[in-house]
There are 2 protein chains.
Amino acid sequence: MVLMSPQIGVRPGGRSARVQQAVHDAVRELLAERERDELTVPLIAARAGVTPSTVYRRWGQLPDLYADVAVERLRPDTSPADLGSLEAELDTWAVQYLEEMASGPGRRMIADVLAGGLDNPRRCLCSTYSGDQIQVMLDRAVARGDDVPDRDTVLDRVVAPIVYRILFTDPAPEPGYATRLVADLLAVSPAKAGPPPERADRR
Amino acid sequence: MVLMSPQIGVRPGGRSARVQQAVHDAVRELLAERERDELTVPLIAARAGVTPSTVYRRWGQLPDLYADVAVERLRPDTSPADLGSLEAELDTWAVQYLEEMASGPGRRMIADVLAGGLDNPRRCLCSTYSGDQIQVMLDRAVARGDDVPDRDTVLDRVVAPIVYRILFTDPAPEPGYATRLVADLLAVSPAKAGPPPERADRR
DNA sequence: CATCTTAAAGCGAAGCCTTTGCGTTTAGCG
DNA sequence: CGCTAAACGCAAAGGCTTCGCTTTAAGATG
């Protein structure tokens, strides 16, 4: 088994692109209509109209193919809305992020990306996507004249706890958890100093 | 494929326990001496002196077996040392935790646990183990009369960012990252209020 | 202590997945 | 327009995976 980095150096147009699109579509369709345990490479290949050996050569094992499809679906399609304040935007984004990731499909996508192995660079795209979204909001806040935390701090204080809870605890966190993380982060960041308010409702 | 929760309701003694021990040992031995891609269920079963069907019945797929073995190795074997102050203990523990988890074997163990699927309760043991270790340090600090954050806050502010960085960024974080997280957490927690010091070295 | 019950392991065969080599197609390029 | 090499289709060999049935032994019961 040789290490491969599919989709990195793939030819952009023509047959290769068509095959990739067809296989991705086949995976999404079959994941929607059948149990995950019933999917096999030959089944996906048949739906996509290619031979199994093509899939094996380009993606290797099934988990790698899932990881590729998952990253594709994880890419955000819209920029966060301009709501006038950083806290409102971060809160809205974090709540939506939590709800999407804590859902069944979201959890499976995260697991798929990680199941692809820690040696493939695809998993880094997840934090890049989130970081880029956060940067948009931070830039807007700076343009308003606010004093804001930096991008990595938001990743540490908001995104990381959400993902950690989704991956390693039961039950999955609720939307209020994201709101609390954002509030705690911004409570001491700029002007307002002081210890965070005591909370009795932490799980 | 039926959902199974191996090792949960396993009979504590006798043949079942012997088989489990033998299979676990076989996995560890083979992982140490051969490439991961070369391992197969029949190979592991032969080393353990059992038939492949036994492994398939109890653990299902290879990733599930890896997840089971990984959780076993993730269990901490010692309590954190008493160093006289919470910050010293948390810092020492967090640095060691980061180094272990960011290493090749540590990363693979985390990935293995998650690859076992998000429906199995085993993954929660990871946060339980960490939380228990943290609780020991917090209890000691409380006994000293300190005002300390609660267990979940430490998980959010220290453990979650470390794990998130290991899973989703390259390169892996360095030990100083753990130290910074602990310092930032304790900087505003008890008496000392105010914004965290500005840092130019955040990646 | 003897007997019973049942979960778990062994065994073997059938089926499907996975791999691999080779010929063919086709995209990218001078 | 022709060339080169990457990518795909095809087919066969090999090995993994599953499944029904049998056997074993741990734990319960009287």
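Numbers restart at 1 for each chain; the letters A, B, ... are given by sequence-line order, proteins then strands.
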Undergrad: Within the pair A/Q61 and C/dT19, is there a side-chain N or O less than 4.0 Å away from OP1 or OP2?
TA: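 Answer yes for this pair, as a side-chain N or O of A/Q61 is under 4.0 Å from OP1 or OP2.
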Undergrad: Let me know the distance between CZ of A/R58 and C1' of D/dC8, rounded to the nearest Å.
TA: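 Roughly 10 Å, once rounded to whole Å.
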Undergrad: In terms of side-chain heavy atoms of A/R57, which of C/dA27, C/dC22, C/dA9 is nearest?
TA: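 Side chain of A/R57 sits closest to C/dC22.
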Undergrad: D/dA7 phosphate, OP1 or OP2: any side-chain N/O from A/S16 under 4.0 angstrom?
TA: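 Looking at the OP1 and OP2 atoms of D/dA7, neither is under 4.0 Å from any side-chain N or O of A/S16.
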Undergrad: Quick one, B/D68 with B/R58, criterion salt bridge (charged side-chain N to carboxylate O under 4.0 Å, His left out). Give me CA distance, side-chain angles, the key distance, then yes/no.
TA: CA-CA 11 Å; B/D68 201 52; B/R58 277 189 59 175; over 6 Å; no
Undergrad: Once you round it to whole Å, what is the distance between P of C/dG10 and CZ of B/R18?
TA: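 Result: 11 Å.
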Undergrad: Would you mind reading off the distance between B/D37 atom CG and C/dT19 atom C1', rounded to a whole angstrom?
TA: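 After rounding, the reported distance stands at 14 Å.
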Undergrad: Write down the distance between CG (A/L43) and C1' (C/dG15), rounded to a whole number of angstrom.
TA: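 Rounding to the nearest Å, CG of A/L43 and C1' of C/dG15 are 16 Å apart.
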Undergrad: Starting at atom CD of A/E38, determine the distance to atom C1' of D/dT18, rounded to an integer number of angstrom.
TA: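 Value for this atom pair: 14 Å.
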Undergrad: Return no unless some side-chain N or O of B/R15 is found under 4.0 Å from OP1 or OP2 of D/dT24.
TA: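 So the side-chain polar atoms of B/R15 never come under 4.0 Å of the phosphate oxygens OP1 or OP2 of D/dT24.
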Undergrad: Without decimals, in angstroms, what is the distance between B/L62 CG and C/dC17 C1'?
TA: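 Atom CG in B/L62 sits about 15 Å away from atom C1' in C/dC17.
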Undergrad: Fit a plane to each ring of B/W93 and B/Y97, take the angle between them on a 0 to 90° scale, and name the class: parallel (under 30°), tilted (30 to 60°) or perpendicular (over 60°).
TA: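 Geometry flag for B/Y97 against B/W93: parallel rings.
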Undergrad: Can you tell me if the side-chain N/O atoms of B/T54 get under 4.0 Å from OP1 or OP2 in C/dA9?
TA: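 No.
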Undergrad: Indicate yes or no: does B/R75 engage B/D132 in a salt bridge with an N to O separation below 4.0 Å.
TA: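 No, B/R75 and B/D132 are not salt-bridged.
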Undergrad: Can you tell me if A/S53 touches the phosphate of D/dG9, counting only side-chain N or O atoms and a distance under 4.0 Å to OP1 or OP2?
TA: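 Checking A/S53 against D/dG9: no side-chain N or O falls below 4.0 Å of OP1 or OP2.
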Undergrad: Using a strict cut-off of less than 4.0 Å between a Lys/Arg side-chain nitrogen and an Asp/Glu carboxylate oxygen, indicate whether A/D25 and A/R47 qualify as a salt bridge.
TA: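 Not counted as a salt bridge, because no side-chain N and carboxylate O are separated by less than 4.0 Å.
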Undergrad: Using the side-chain heavy atoms of B/T40, tell me which of these nucleotides is nearest: D/dA26, D/dC10, D/dC16.
TA: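 Looking only at side-chain atoms, B/T40 lies closest to D/dC16.
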Undergrad: Please indicate whether A/E35 has more than 12 foreign heavy atoms, meaning atoms of other residues, nucleotides or ligands, lying under 6.0 Å from its CD.
TA: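 Check fails, neighbour count at 12 or below.
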Undergrad: Distance check needed: C/dA8 P versus B/Q21 CD, whole Å only.
TA: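 Interatomic distance, CD of B/Q21 to P of C/dA8: 18 Å.
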